[in-house]
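Shown next, in structure tokens, is the structure this report addresses.
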Amino acid sequence: MEKISDLIYNNIHVLPSFIDVGLLTQTLTAECFVWNAFFDVQSLALKRKNYEGITDTLGEELVFAPLEHAFHIVISMQGTPDVDGVLLFSVDGVSVPLAITGSRGLVWGLAPERGLAETWEWLTHIVTGLDHSEERRPLRDVPRVSYGAVYAAVGREAAYAESLVYSHRAGSFVLPLFEQTVRIPSPAAGSERLAFDTSGGAWRDGGRGILWRDALTFESFSVASASPDGLTLKKPLARALGGMCLAVPCADARIEAFDRTDEPADASALRVQWSVSSPLIWAERLPESTYDGFPLLDMPTYVTGEGLSRDVSVPKVVLDNGLGPVRTLNPCPYARATWSVLVPCQTPEEIAAMRGALMAWRGGCTAFWLSTGRHDFVPAGDYRQTVGLAVRRSGWASSGLAPGRDRIRIELADGSVFLRRIVSVAAGPAAEEILSLDEGLPFESLPAAAFRVISFLTLVRLAGDSALFTWRYTQWAADVTFSVVEVDA
């Protein structure tokens, strides 16, 4: 049986052995003790891990006689958003850790006047050959995330914002993502469980959130575990806000740019650009539909309003050594277009689908099919399987189909969708052209009125390494914009 004396003597004891700073909003100094419970002088080796923003009054080695030695640990606001430091005392194969945990950040309690502008940025290395073929390699698996927001602050709120910026300009803030709020009854003080629908929101194990009533009245908390039906908190709530409140997920962010315009009546307009320290990794979610080996983004709603614009150019290579004549080569003799695309998302499911697709594309690495959504071909008569698809003359019969212009998306009035490849285009009677398809439609005949839209289906990739979510500040409504460029299959 182990004796009590064996547990006490001939050991190193550290008190406390664990420091939890919670949500750190100012520099914290903790008094600690290390006790030499050996019967002679000991030389302790000290090792430090994840010590950014943490200092102590000990050196690299500690030599002291039996009994205790006091020291101080200082945890500052300068450092990583998560505090996860370890101070390790070691002697003769015996190691005793002192763990320091918590998180840094002042809560930015102001709600934006309008919705946030959320930008995702990847980094893709693309090598283009003389024949315009591409080799694409991702250099960043997770996009960097930034937010741009405009805040209207009046009176106390303006003074509160000024104190935050001037006292903590370079530090990490806890930024509430108000576009993902859920309105709930205020939980009672001491609650360790929040029950509400978290699906689609930026809630995650180990994440942060606030219960918010106004810019100066909120309660922050850390999430132990998140499930679709609610959150389990790491610590009970310290107080109840009363009435109804907003449950808001938060991100760790730093201010990259700040602009303040003072207005009459103690009002100020604040424009803040935020950089997120640890972006949330959303699940990859390629569209379930595929065609000819590539995923299909079948979202024709993006063409509403000004949802699609195209810049058409002919790729070229310029050879110029600075001495002789400049030569221009056109290794790709047909035009390529760059599209600007806007996808209006109205529900959490649509937003989750776009987030998942963008994560799977990883910037400009992955090619996918995208429909123009336009009436690129207009039926000129009834469809007959033995003849082909008669459309109004558009000039393709004389000019010939260029690469990338031989796939079409056929949508019928009943919602049925068929994807086909055009084998040939022949001039027909009067002002018609006949499209011969690689596979006929599953109908002997079909009246022209049965066709809703026939549009080109084009293989594209992201043209730039960014996508923008413009939140409309109504729950779960955002316009997602990005650019794509046409590529070869």
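Side-chain atoms are counted along with the backbone in the values below, which use heavy atoms only and exclude waters and symmetry mates.
- Judged by distance alone, with hydrogens and angles left aside, the side-chain atoms of Trp361 form no donor-acceptor pair with the main-chain N or O of Gly363 at under 3.5 Å.
- A donor-acceptor pair under 3.5 Å is formed between the side chain of Trp369 and the backbone N or O of Tyr291.
- Residue Ile281 places its CD1 atom among 12 or fewer non-hydrogen atoms of other residues, nucleotides or ligands, all under 6.0 Å distant.
- Using a distance-only test at 3.5 Å, with no hydrogens or angles considered, no donor-acceptor pair links the side chain of Ser17 to the main chain of Val14.
- At distances below 3.5 Å, not a single donor-acceptor pair connects side-chain atoms of Trp122 with backbone N or O atoms of Ser466.
- No donor-acceptor contact under 3.5 angstrom links the side chains of Gln273 and Arg254, judged on distance only.
- Looking at Gln42 and Asp40, their side chains do bring a donor and an acceptor atom within 3.5 Å of each other.
- Donor-acceptor pairing under 3.5 Å is lacking for the side chains of Glu121 and Ser146.
- At a cut-off of 3.5 Å, with distance as the only test, a side-chain donor of Asp465 or Thr124 sits close to an acceptor on the other residue.
- Here the closest heavy-atom approach between residue Pro279 and residue Val145 is recorded as CB-CG2, 3.6 Å.
- Checked against the 6.0 Å centroid criterion, the rings of Phe469 and Trp120 qualify as a close aromatic pair.
- Under the 3.5 Å distance criterion, the side-chain polar atoms of Glu350 are matched with a main-chain donor or acceptor of Gln346.
- With contacts defined as side-chain heavy-atom distances shorter than 4.5 Å, the pair Leu342/Val480 does not qualify.
- Within 6.0 Å of CZ in Arg144 there are 12 or fewer heavy atoms belonging to other residues, nucleotides or ligands.
- The local environment of CD in Glu60 is sparse, with at most 12 non-hydrogen atoms from other residues, nucleotides or ligands closer than 6.0 Å.
- Contact record, Pro236 with Gly190: CB-O, 3.4 Å, taken as the closest heavy-atom pair.
- Side chains of Arg260 and Ser268: a donor on one and an acceptor on the other come within 3.5 Å.
- A side-chain donor-acceptor contact under 3.5 Å links Arg193 and Thr232.
- At distances below 3.5 Å, at least one donor-acceptor pair connects side-chain atoms of Asn36 with backbone N or O atoms of Phe64.
- Under a 3.5 Å cut-off, the side chain of Ser186 and the backbone N or O of Gly242 do form a donor-acceptor pair.
- Judged by distance alone, with hydrogens and angles left aside, the side-chain atoms of Thr29 form no donor-acceptor pair with the main-chain N or O of Val74 at under 3.5 Å.
- A donor-acceptor pair under 3.5 Å is absent between the side-chain atoms of Thr101 and the main chain of Asp20, judged by distance alone.
- Other residues, nucleotides and ligands contribute only 12 or fewer heavy atoms inside 6.0 Å of the CZ atom of Arg137.
- Electrostatic pairing of Lys49 and Asp84 does not count as a salt bridge here, judged by no charged N lying under 4.0 Å from a carboxylate O.
- Ring planes of Phe89 and Phe71: tilted class, angle from 30 to 60°.
- Side chains of Thr198 and Asp229 form no contact here, defined as non-hydrogen atoms less than 4.5 Å apart.
- Contact annotation: the side chain of Val341 never approaches that of Thr481 to less than 4.5 Å [non-hydrogen atoms, C-beta and beyond].
- Remark: the Trp274 side chain and the Glu256 side chain contain no N/O donor-acceptor pair separated by less than 3.5 Å.
- Of the possible polar contacts, none joining the Thr217 side chain to the Asp214 backbone as a donor-acceptor pair under 3.5 Å is found.
- For the residue pair Glu486 and Trp339, a side-chain donor N or O sits within less than 3.5 Å of a side-chain acceptor on the partner.
- By the 30° and 60° cut-offs, the orientation of the rings of Trp203 relative to Phe196 is perpendicular.
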